[in-house]
Amino acid sequence: MTRTEPVAAARGLAQRLFPDALTVLVGGSVLTERRTRTSDLDMVVVTGPLENPFRHSLSWEGWPVEVLVHDEETLAAYCADHLARRWPGIPRLIAGGTLVSDRTGLGHRLQTEMRRRLADGPTAATVAELEAHRYELTDLLDDLAGADDPAELAFIASRVLNKTALLALLAGRHWQGSGKWLLRELHDHDPVLADRLAHSLTAPPRLAGVAREVLDGAGGPLRDGYPVTDPRRP
């Protein structure tokens with residue numbers, strides 16, 4: 001099936017399914033050079049008051065579509081939460097998206113605000129946050145050094161890679177991510193480190209070396225004397 005151009009497809013979907021929305025935008029990698037044959041239309045729809053926000057998945061004119069439906073209050077709360085956790089998913093989708101419907105000017109105001117918030121960057125890591133990441137990576141590196149089962153090594157190595165990337169971003173006061181976005185954020189922050197880390201997954205000694213460099217730069221290994229509080233109560 002021949003696909004409609006993404007913005008036109010999103011506009012048609014908005015007119016059909018959300019004609020009364022305050023604003024609708026489409027964004028994500030589908031509008032960039034990173035678009036692939038499996039990219040979907042990521043859309044944000046802002047309506048009048050809702051009992052609960054929801055995600056709507058569907059197919060439209062040859063595109064897989066993910067629609068996030070919010071009212072103004074819930075969208076503001078979600079964006080604030082993402083920014084506080086240094087995960088810029090929805091704010092970035094809004095900031096870099098294309099408006100396909102904006103009856104009240106809300107979409108323009110949202111984009112202006114999210115672009116400003118993203119440009120400010122994430123908050124600096126607290127000592128407690130850095131210590132928690134250092135402690136976990138120290139423990140993972142011990143596991144990596146002691147493992148000799150290939151299957152265990154594979155799983156431990158994947159954890160080491162992810163934790164190393166997250167610690168590098170946290171210590172560098174950069175936005176965080178997951179999956180492909182973790183690599184993209186790390187590449188934006190330090191392309192050399194991103195390439196070294198990505199190519200070390202199948203070589204545990206090399207991976208450990210890169211991880212230790214990041215760990216040392218964030219304050220060094222942490223184990224002895226680090227208090228771990230169990231939040232569960234008997």
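This structure is a prediction, so every number in the text was calculated from the model and none was measured. These values consider heavy atoms only, across backbone and side chains, with no hydrogens, waters or symmetry-generated copies.
- Without hydrogens or angle criteria, Arg55 side chain to Leu68 main chain gives no donor-acceptor distance under 3.5 Å.
- In this structure, CG in Asp20 is found 6.0 Å from CZ in Arg103, a value given to the nearest 0.5 Å.
- Both Met114 and Ile90 are part of a single hydrophobic cluster, where members link through side-chain heavy atoms under 4.5 Å apart.
- Asp40 places no side-chain N or O within donor-acceptor distance of the main-chain N or O of Trp63, the cut-off being under 3.5 Å.
- Residues Val24 and Ala21 approach most closely at CG2-CB, 3.7 Å, considering heavy atoms.
- A 4.5 Å side-chain heavy-atom check between Arg184 and His187 finds every atom pair outside the cut-off.
- Looking at residues two or more places apart in sequence or on another chain, you find no ring pair (Phe, Tyr, Trp, His ring centres under 6.0 Å) involving Phe18.
- Taking the salt bridge (Lys or Arg N to Asp or Glu O under 4.0 Å) definition, one finds that Arg11 meets it with nothing, sequence neighbours left out.
- In this structure, Val67 is not a member of the same hydrophobic cluster as Val46, with clusters built from ILVMFWY side-chain heavy atoms closer than 4.5 Å.
- Pairs passing the ring pair (Phe, Tyr, Trp, His ring centres under 6.0 Å) check and including a residue from residues 116-157, sequence neighbours excluded, read Tyr135-Tyr226.
- Evaluation of the side chain to side chain contact (heavy atoms under 4.5 Å, CB included) rule for Ala145 yields no partner, not counting sequence neighbours.
- Under the 4.5 Å side-chain criterion, counting only non-hydrogen atoms from C-beta, Val44 is not in contact with Val26.
- Through direct or indirect side-chain contacts shorter than 4.5 Å among Ile, Leu, Val, Met, Phe, Trp and Tyr, Trp181 is connected to no other residue.
- For the pair Leu17 and Leu58, the minimum side-chain heavy-atom distance is below 4.5 Å.
- Here Glu213 pairs with Arg196 under the salt bridge (Lys or Arg N to Asp or Glu O under 4.0 Å) rule; sequence neighbours left out.
- Annotation: salt bridge (Lys or Arg N to Asp or Glu O under 4.0 Å) contacts of Arg159 (sequence neighbours excluded): Glu136.
- The closest side-chain heavy-atom distance from Glu185 to His174 is below 4.5 Å.
- From Met43, atom CE reaches atom CG of Leu25 across 8.0 Å, with rounding to the nearest 0.5 Å.
- Thr164 and Ala211 get closest at one heavy-atom pair: OG1-CB, 3.3 Å.
- Partners of Thr202 by side chain to side chain donor-acceptor pair (under 3.5 Å), not counting sequence neighbours: none found.
- Counting only heavy atoms from C-beta outward, the side chains of Arg117 and Glu113 approach each other to under 4.5 Å.
- Using a 4.5 Å heavy-atom threshold, the side chains of Leu22 and Ser101 count as separate.
- Separation of atoms CZ (Arg134) and CG (Asp216) is listed at 9.5 Å; rounding is to 0.5 Å.
- Hydrophobic clustering (ILVMFWY, side-chain heavy atoms < 4.5 Å, transitive): Leu41 and Val100 are in one cluster.
- The side chain to side chain contact (heavy atoms under 4.5 Å, CB included) check on Asp120 picks up Arg116, with sequence neighbours excluded.
- Atom OG1 of Thr23 sits about 5.5 Å away from atom CG of Leu106, to the nearest 0.5 Å.
- Under a 3.5 Å cut-off, the side chain of Ser200 and the backbone N or O of Arg206 do not form any donor-acceptor pair.
- By the 6.0 Å contact criterion, CD on Glu66 is enclosed, its count of non-hydrogen atoms from other residues, nucleotides or ligands being greater than 12.
- Smallest separation of non-hydrogen atoms from Ala198 and Leu183: CB-CD1, 4.5 Å.
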Indicate every side-chain donor-acceptor pair of residues 76-88 with a distance under 3.5 Å to a residue at least two apart or in another chain.
unit_1: Asp81; atom_1: OD2; unit_2: Arg85; atom_2: NE; d: 3.0
unit_1: Asp81; atom_1: OD2; unit_2: Arg85; atom_2: NH2; d: 3.1
unit_1: His82; atom_1: ND1; unit_2: Trp87; atom_2: O; d: 3.4
unit_1: Arg86; atom_1: NE; unit_2: Thr123; atom_2: O; d: 2.9
unit_1: Arg86; atom_1: NH1; unit_2: Glu129; atom_2: OE2; d: 3.1
unit_1: Arg86; atom_1: NH2; unit_2: Thr123; atom_2: OG1; d: 3.4
unit_1: Arg86; atom_1: NH2; unit_2: Ala124; atom_2: O; d: 3.2
unit_1: Arg86; atom_1: NH2; unit_2: Glu129; atom_2: OE1; d: 2.9
unit_1: Trp87; atom_1: NE1; unit_2: Arg85; atom_2: O; d: 3.3

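- Between Leu118 and Trp175 the shortest side-chain heavy-atom distance falls below 4.5 Å.
- Gln111 and Thr98 get closest at one heavy-atom pair: NE2-N, 4.4 Å.
- Under a 4.5 Å side-chain heavy-atom cut-off, the cluster of Ile, Leu, Val, Met, Phe, Trp and Tyr residues that includes Leu215 is completed by Leu130, Leu137, Leu140, Leu141, Leu144, Leu153, Ile156, Val160, Leu161, Leu166, Leu167, Leu169, Leu170, Leu182, Leu186, Leu193, Leu197, Leu201, Leu207, Val210, Val214.
- Scanning for salt bridge (Lys or Arg N to Asp or Glu O under 4.0 Å) contacts around Asp142 gives Arg223, with sequence neighbours left out.
- No donor-acceptor pair under 3.5 Å is formed between the side chain of Asp71 and the backbone N or O of Thr47.
- Side-chain contact check for Arg173 versus Pro122: some heavy-atom pair is nearer than 4.5 Å.
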